[in-house]
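Atoms within a ligand are numbered from 1 in the order they appear, just like the ligands themselves.
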Amino acid sequence: MAHLPLRWPAEAVWEAVAPLLAGFSVEVLPEIDSTNTELMRRARAGHGDPVLLVAEHQSAGRGRLGRQWSSRAGDSLTFSLGLPLQPASWSGLSLVVGVAVAEALHPRVGLKWPNDLWVDGRKLGGILVETASFALADAPRQTVVGVGLNIHRPPGEGLATPPASVDELLPELDAPAVLARIAAPLVAALQAFETAGFEPFRARFEARDLLRDRVVTLSDGSTGTAHGVAQDGGLLVHTAAGMRVVHSSEVSVRPAP
Ligand code: BTN
């Protein structure tokens with residue numbers, strides 16, 4: 001069931017985030033193709049001011065690995081945060097986003113490497129991180145962090161695993177309240193990552209790592225046992241050929257049945 005109309009806390013989010021991020025603004029749109037696509041378009045056009053863009057509906061939402069991301073207005077939270085970042089290393093960035101969102105939400109939210117949010121064996125939400133450079137190689141890159149969360153249970157037809165929703169954990173929160181809860185911690189985590197990298201987040205990821213000690217199948221057909229994450233955020237998988245560090249750009253991972 002769709003829960004409309006929504007009252008978005010743009011001012012409260014701005015007040016919480018603006019002290020951390022100069023020039024920050026919040027925009028809420030009834031519909032757009034994809035909040036990530038829009039912020040990447042703006043970045044390529046040279047607009048790199050920090051912004052949080054919320055869409056009540058996306059007509060062409062995108063997931064990782066070229067997948068579609070579909071959601072229904074009122075039943076989901078879909079937003080992207082765009083900000084310039086210049087970390088010494090980009091390794092582990094998407095895991096940091098997962099840690100920040102999971103910690104801001106609920107102790108029962110787990111992370112399926114690299115950054116899927118799961119509850120009780122079902123997907124609660126997903127994260128799509130993209131970057132665009134403005135000009136020089138060693139200048140900050142515009143970083144677009146897209147987050148999609150099921151707030152109320154969407155129809156699960158056609159999905160191998162029925163999805164989870166935030167209202168199972170926090171029935172009192174609607175999409176605007178969930179946004180208000182995660183926006184500032186997400187910005188703070190990205191800034192901590194820019195300063196100190198992935199290492200301070202490693203134990204926090206591992207505390208929610210759903211794949212640990214599970215047999216996993218990689219999309220290249222190989223299997224092994226997951227053993228947490230390496231310093232760079234790669235998934236450690238013990239295979240017949242020895243320990244392998246898997247990076248998300250190479251493969252998708254699923255727990256073996
Ligand atoms: C995944 O699980 O594959 C990642 C899903 C990311 C979805 C969010 S919704 C807001 C933002 N805009 C998009 O088009 N995608 C991300």
| query | Hey, quick one: are V144 and L21 part of the same hydrophobic cluster, counting side-chain heavy atoms closer than 4.5 Å, chains of contacts allowed? | reply | no
| request: With sequence neighbours left out, write down each residue that passes side chain to side chain donor-acceptor pair (under 3.5 Å) with R62, or none if nothing qualifies. | output: T37, E130
If you look at each N/O of ligand 1, which protein N/O atoms lie under 3.5 Å away, and at what distance?
unit_1: ligand 1; atom_1: 2 (O); unit_2: K123; atom_2: NZ; d: 2.6
unit_1: ligand 1; atom_1: 3 (O); unit_2: R64; atom_2: N; d: 2.7
unit_1: ligand 1; atom_1: 12 (N); unit_2: T35; atom_2: OG1; d: 3.1
unit_1: ligand 1; atom_1: 12 (N); unit_2: Q58; atom_2: OE1; d: 2.9
unit_1: ligand 1; atom_1: 14 (O); unit_2: S34; atom_2: OG; d: 2.7
unit_1: ligand 1; atom_1: 14 (O); unit_2: R62; atom_2: N; d: 2.7
unit_1: ligand 1; atom_1: 15 (N); unit_2: R62; atom_2: O; d: 2.7

| request: Please name all residues satisfying side-chain contact (heavy atoms from CB on, under 4.5 Å) with T225, sequence neighbours left out, ordered by chain then number. | output: V215, H227
| said: Run the side chain to side chain donor-acceptor pair (under 3.5 Å) test against D209 and tell me which residues pass, sequence neighbours left out. | reply: none
| request: List the steps and the verdict of salt bridge (charged side-chain N to carboxylate O under 4.0 Å, His left out) for R181 and E172. | output: CA-CA 13 Å; R181 194 172 166 122; E172 70 282 9; 5.2 Å; no
| field | Side-chain touch W14/E11, heavy atoms, less than 4.5 angstrom | value | no
